[in-house]
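Heads up, the thing below is written out as structure tokens.
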Amino acid sequence: MSWFWFAIVTLLCWSGSDFFSKIGCRDAKDKYSQFKMVIAVGLVMGLHAAYEIFVGGVEISFAVIWTYLPVSMLYILSMTLGYVGLRYIELSISSPICNASGALVAVIAIVTGTAEPMEFPQYLAIALACAGVIGLGFVEANEDEQLRAARQEASNYKYAKSWLALALPIAYCLLDAAGTFADDLVLETLNEDSANVAYELTFLAAGIFCFVYTVIIKKQKLIPRAEGPKYVGAVFETVGQFTYIMALASGEAALAAPIISSYCMASVLWSRLFLKEKLSWKHYVCIAVTFAGILIMGIYDM
């Protein structure tokens with residue numbers, strides 16, 4: 001399979017992960033949905049890690065897991081907060097905000113002086129992505145309640161205006177950016193495949209912890225009909241991670257990256273078509289600006 005198809009599969013899988021995670025976590029009455037989602041992702045990633053170790057021959061040790069642990073925890077915490085956020089805000093809004101973490105990584109690199117010299121379009125991309133997210137937050141925070149209720153009517157899910165609704169995807173963005181920044185530093189000393197298996201095993205441990213807390217301590221039931229979408233989302237997340245690595249390892253990262261980076265727009269499309277989410281024109285303008293920045297960054301991502 002060529003880099004192009006790996007990139008397309010990654011786009012579909014990660015947008016599919018967004019979509020099914022939203023279905024699995026959007027019930028505002030289930031305050032444990034984020035932990036149940038972590039259980040699902042941890043189980044699927046644990047199975048994939050076992051395959052990589054016993055079939056793929058990837059070497060792993062406690063030392064590798066320990067070295068990569070800070071990065072793993074940043075990623076896992078960011079995803080958990082993202083799952084919480086899906087109860088309070090439309091996927092159409094949360095996905096572009098979360099996916100702007102790449103721009104934030106660039107900002108961190110520039111501020112800390114670790115960034116390589118960039119071309120003007122790259123600086124423009126960073127500015128567009130940041131401006132789009134800030135604008136999206138401003139529009140969401142200042143939208144008239146009657147207009148909000150009217151546009152949410154078709155989806156049968158009402159989201160009240162609150163600071164938490166915006167704070168959670170922003171927190172995801174911050175933590176994911178910190179994880180990516182730390183990832184670049186740690187991977188200078190670790191094999192990429194071993195680091196990925198270490199991450200999956202850490203996610204498995206997090207899933208086991210969440211199972212003990214949610215099911216054993218809090219006596220919550222795992223109902224197959226409600227949990228099904230979570231496991232579909234977990235499979236999409238894990239397959240997307242694998243094809244992402246394959247796409248970038250193909251030697252055509254500069255071509256694959258912009259395709260993969262557009263997955264948040266596919267998430268917006270799925271939420272509009274299947275979840276019946278409807279936004280105002282101001283929301284869509286901000287999303288388009290954010291996407292333009294993400295896409296330009298993807299084009300220049302080597």
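Pairing each heavy atom of S72 with each of Y199, the nearest pair is OG-CA, 3.4 Å. Closest of all the heavy-atom pairs between V139 and S280 is CG1-OG, 4.3 Å. Annotation for T290 and P96: closest pair CG2-O, 3.8 Å, computed over non-hydrogen atoms. Between V133 and A100, the shortest heavy-atom distance links the atoms CG2-CB, 3.4 Å. Contact between F138 and N142 at its shortest, heavy atoms only, is O-ND2, 2.7 Å. In plain terms, the two heavy atoms of Y75 and T180 that are nearest each other are OH-CA, 3.3 Å.
No side-chain donor-acceptor contact under 3.5 Å links K230 to the backbone of C25. In this structure a side-chain-to-backbone donor-acceptor pair under 3.5 Å is present from S15 to L12. Under a 3.5 Å cut-off, the side chain of T10 and the backbone N or O of F6 do form a donor-acceptor pair. Counting only distance, with no hydrogens or angles, the side chain of E90 and the backbone of E277 share no donor-acceptor pair below 3.5 Å. A distance-only check finds a donor-acceptor pair linking the side chain of K276 to the backbone of L273 [under 3.5 Å].
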task = Could you walk me through whether N196 and Q241 pass the side-chain contact (heavy atoms from CB on, under 4.5 Å) test, one step at a time?
result = CA-CA 9 Å; N196 188 58; Q241 181 67 23; 3.5 Å; yes
query = Can you check side-chain contact (heavy atoms from CB on, under 4.5 Å) on R87 and S33, steps first, answer last?
reply = CA-CA 9 Å; R87 296 207 302 264; S33 62; 3.2 Å; yes
ask   = Do F203 and H48 pass the side-chain contact (heavy atoms from CB on, under 4.5 Å) test, and can you show the C-alpha distance, the side-chain angles, and the key distance before you say yes or no?
value = CA-CA 11 Å; F203 219 127; H48 182 256; over 6 Å; no
request  = Decide side-chain contact (heavy atoms from CB on, under 4.5 Å) for F291 and V268; before the verdict, give the C-alpha distance in whole Å, the side-chain angles of both, and the deciding distance to 0.1 Å.
outcome  = CA-CA 11 Å; F291 173 67; V268 172; over 6 Å; no
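Put simply, I134 and L164 are part of two different groups of oily side chains (I, L, V, M, F, W, Y) that touch within less than 4.5 Å, one to the next. Residue I97 is grouped with residue L174 when hydrophobic side chains (ILVMFWY) are merged at heavy-atom distances under 4.5 angstrom, including chains of intermediate members. No continuous path of ILVMFWY side-chain contacts below 4.5 Å connects Y83 to M73, so the two sit in separate hydrophobic clusters. Hydrophobic clustering keeps I53 apart from L69 (ILVMFWY residues linked when any side-chain heavy atoms are closer than 4.5 Å, directly or through intermediates). F209 and I217 fall into different hydrophobic clusters, where Ile, Leu, Val, Met, Phe, Trp and Tyr residues are linked whenever their side-chain heavy atoms come under 4.5 Å apart, directly or through other members.
Note that CD of Q220 is 7.0 Å distant from OG1 of T214, once rounded to the nearest 0.5 Å. Of the inter-residue distances, the one linking I287 atom CD1 with M265 atom CE reads 7.0 Å to the nearest 0.5 angstrom. Here the OG atom belonging to S101 is positioned 14.0 Å from the CZ atom belonging to F181, to the nearest 0.5 angstrom. For the atom pair CG of L81 and CG of D176, the computed distance is 11.5 Å after rounding to the nearest 0.5 Å. To the nearest 0.5 Å, atoms CD (Q34) and SG (C210) are separated by 8.0 Å. To the nearest 0.5 Å, the span separating CD1 on I260 from CD1 on I294 amounts to 13.5 Å.
In this structure, the side chains of Y88 and L166 stay at 4.5 Å or more apart for every pair of heavy atoms. By the 4.5 Å heavy-atom criterion applied to side chains, D193 and V197 are not counted as neighbours. Using a 4.5 Å heavy-atom cutoff, the side chains of I39 and Y231 are in contact. Here the side chains of D30 and K36 are in contact, with some heavy-atom distance below 4.5 Å. Using a 4.5 Å heavy-atom cutoff, the side chains of M45 and L204 are not in contact. Residues I296 and Q122 are not in side-chain contact: their nearest non-hydrogen atoms beyond the backbone lie 4.5 Å or more apart. Taking the side chain as every heavy atom from C-beta outward, R26 and L275 approach each other to under 4.5 Å. The side-chain heavy atoms of D18 and K22, taken from C-beta on, include no pair separated by under 4.5 Å.
Exactly one of Y263, F242, F236 qualifies for a ring-ring contact (aromatic ring centres under 6.0 Å, His included) with W14. That residue is Y263.
Aromatic rings from F19 and W270 are positioned such that their centres are separated by 6.0 Å or more.
Heavy-atom contacts from other residues, nucleotides or ligands closer than 6.0 Å to OH of Y51 number 12 or fewer.
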